[in-house]
Amino acid sequence: AGLFSAVNTSFISLTMPALSPDPSEETNHLLRLILLRADNSSLTSNDLSPSFAAAGGAIGVNGLLYASLCCSLLAAAGAMIAKEWLQSFERSGQAGPVEHQARLRQRKFNGVKEWHMEAIILFLPNLLLIAVGLFFAATITYLFLVNQLVSGIVIAFALLGSAFVVGTVVAGTMYPTCPYQTSISTALRRLIKVTRPAQLFAGRCISMIRNWIRALQGLAKANTTTVLQRELGETADAVLTVDALYWVLVNTSDTNDQQVILESICNLDLESCNTFAESDERFSHLLNATHLSLKAFCNNATKDTKITAELHCAALCYIISDPQFLNRQSEISDRLEDMKDLK
């Protein structure tokens, strides 16, 4: 972004003089008047040079270049700010008991999702792409006024680059397994799946604005320490513990990590167990994981698959024993019927 801003600035220095009158032209015009009026005749308003007015093409070119420069500088500044956000996320909360660190990290991770930090960071490369597009538009317009042949060459390369970008975005949107995944392709894929994308986007924007307003109001009413303590206390420890365990269980593929998480689920207190039981998503994932672990043990009976299957069954039985599942016995029975062949 910094290198691109330097290149953009050099082009601006080339086109900027077209927005103001040329002093040498003014001087030459005055010298002509002096030579023509050497007989001491008076000057009229028609003899004076007309008021300067910049050409429309020059205004458009400079407007595009300045817009491109602003986008590139915003992308660079946003990248530096995002780096500070990530450093703050990594370095804070690394002292104290392991349970406290895990809950604090889960609390911060929930804040990352609530405040849409990932979407903001992923937008920064798109801002740089917008800057490049504006720069090409300005360059083509400027060269078209100077030499149409040179402008045609630049147009050809610009179209080639645009076709490549559009092609990769379309491929990433249509095929989730395509390696050319970007934030634009992900957003377009989500937009296609959502029946009412405009309402969803408006709701997210309103939610973000409300969160920012609450944060600003909190900063105005209390000092930074008080605000931090209040935000850290909004989520119960049981919820943070269950969220952290579930996140690791879903995202890890290491058998040892899975076994540790399942042992932790079997040792949850009553409040945390109730929290785990309240979520249909968590229970469905645990049920499916138990089914898959039993299949893996039947297909390959090793010590690791046996321990993993036993821990999955133990965790599932512990969660099922919660009173929250009294009204879901039919669903559990149906799923257990599917597992009978795995005995």
Side-chain angles (χ1 to χ4, degrees), residues 1-30 49-86 116-173 180-188 191 201 205 208-209:
L3 180 61
F4 178 73
S5 299
V7 174
N8 206 339
T9 304
S10 64
F11 272 84
I12 290 177
S13 63
L14 179 65
T15 60
M16 186 65 183
L19 297 179
S20 57
D22 189 359
S24 61
E25 290 292 334
E26 291 287 335
T27 302
N28 294 335
H29 183 73
L30 292 175
S49 60
S51 59
F52 175 79
I59 296 175
V61 168
N62 283 274
L64 292 172
L65 287 176
Y66 273 107
S68 175
L69 179 62
C70 291
C71 289
S72 61
L73 292 178
L74 287 175
M80 296 301 298
I81 296 174
K83 185 177 180 180
E84 292 186 5
W85 294 345
L86 297 176
H116 307 282
M117 188 178 78
E118 181 182 5
I120 295 175
I121 295 176
L122 291 177
F123 178 72
L124 296 178
N126 299 327
L127 196 61
L128 196 57
L129 284 177
I130 295 174
V132 173
L134 293 173
F135 176 78
F136 269 112
T139 305
I140 291 171
T141 304
Y142 175 76
L143 293 177
F144 187 82
L145 299 175
V146 177
N147 191 299
Q148 295 183 2
L149 179 61
V150 178
S151 176
I153 297 174
V154 178
I155 290 175
F157 280 97
L159 291 177
L160 184 63
S162 300
F164 175 77
V165 173
V166 173
T168 55
V169 170
V170 171
T173 303
Y180 309 135
Q181 296 295 329
T182 61
S183 59
I184 299 177
S185 59
T186 304
L188 289 176
L191 194 63
F201 178 74
C205 292
M208 291 177 61
I209 294 173

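Numbers for residues simply follow the sequence, beginning at 1.
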**Request:** Any chance you could lay out the side chain to side chain contact (heavy atoms under 4.5 Å, CB included) test for Ile81 and Trp85, step after step, and finish with the verdict?
**Result:** CA-CA 6 Å; Ile81 296 174; Trp85 294 345; 3.4 Å; yes

**Prompt:** Distance from Leu160 atom CG to Ile155 atom CD1, nearest 0.5 Å?
**Reply:** 13.5 Å

**Message:** For Val169 versus Ser185, what's the shortest heavy-atom pair and its separation?
**Reply:** O-CB, 3.6 Å

**Complete:** Across all chains, not counting sequence neighbours, the side-chain contact (heavy atoms from CB on, under 4.5 Å) partners of Ala171 are Cys178

**For Thr168, all residues meeting side chain to side chain donor-acceptor pair (under 3.5 Å), sequence neighbours excluded** = none

**Complete:** Minimal heavy-atom distance between Ala138 and Leu64, with the atoms involved, is CB-CB, 3.5 Å

**Asked** Nearest 0.5 Å, what's the CZ-CG distance between Phe144 and Leu149?
**Response** 12.0 Å

**Complete:** Taken to the nearest 0.5 Å, the spacing of Leu128 CG from Ser68 OG works out to 8.5 Å

**Request:** Output every pair passing side-chain hydrogen bond (donor to acceptor under 3.5 Å, both in side chains) with a member in residues 125-148, not counting sequence neighbours, ordered by first then second residue.
**Result:** Asn126-Ser183

**Item:** Approximate separation, where rounding is to 0.5 Å, of Phe123 CZ and Ile130 CD1
**Value:** 5.0 Å

**Item:** Nearest-0.5 Å distance, CG of residue Leu127 to SG of residue Cys70
**Value:** 10.0 Å

**Asked** Is there a side-chain contact between Thr186 and Leu122, using heavy atoms and a 4.5 Å cut-off?
**Response** no

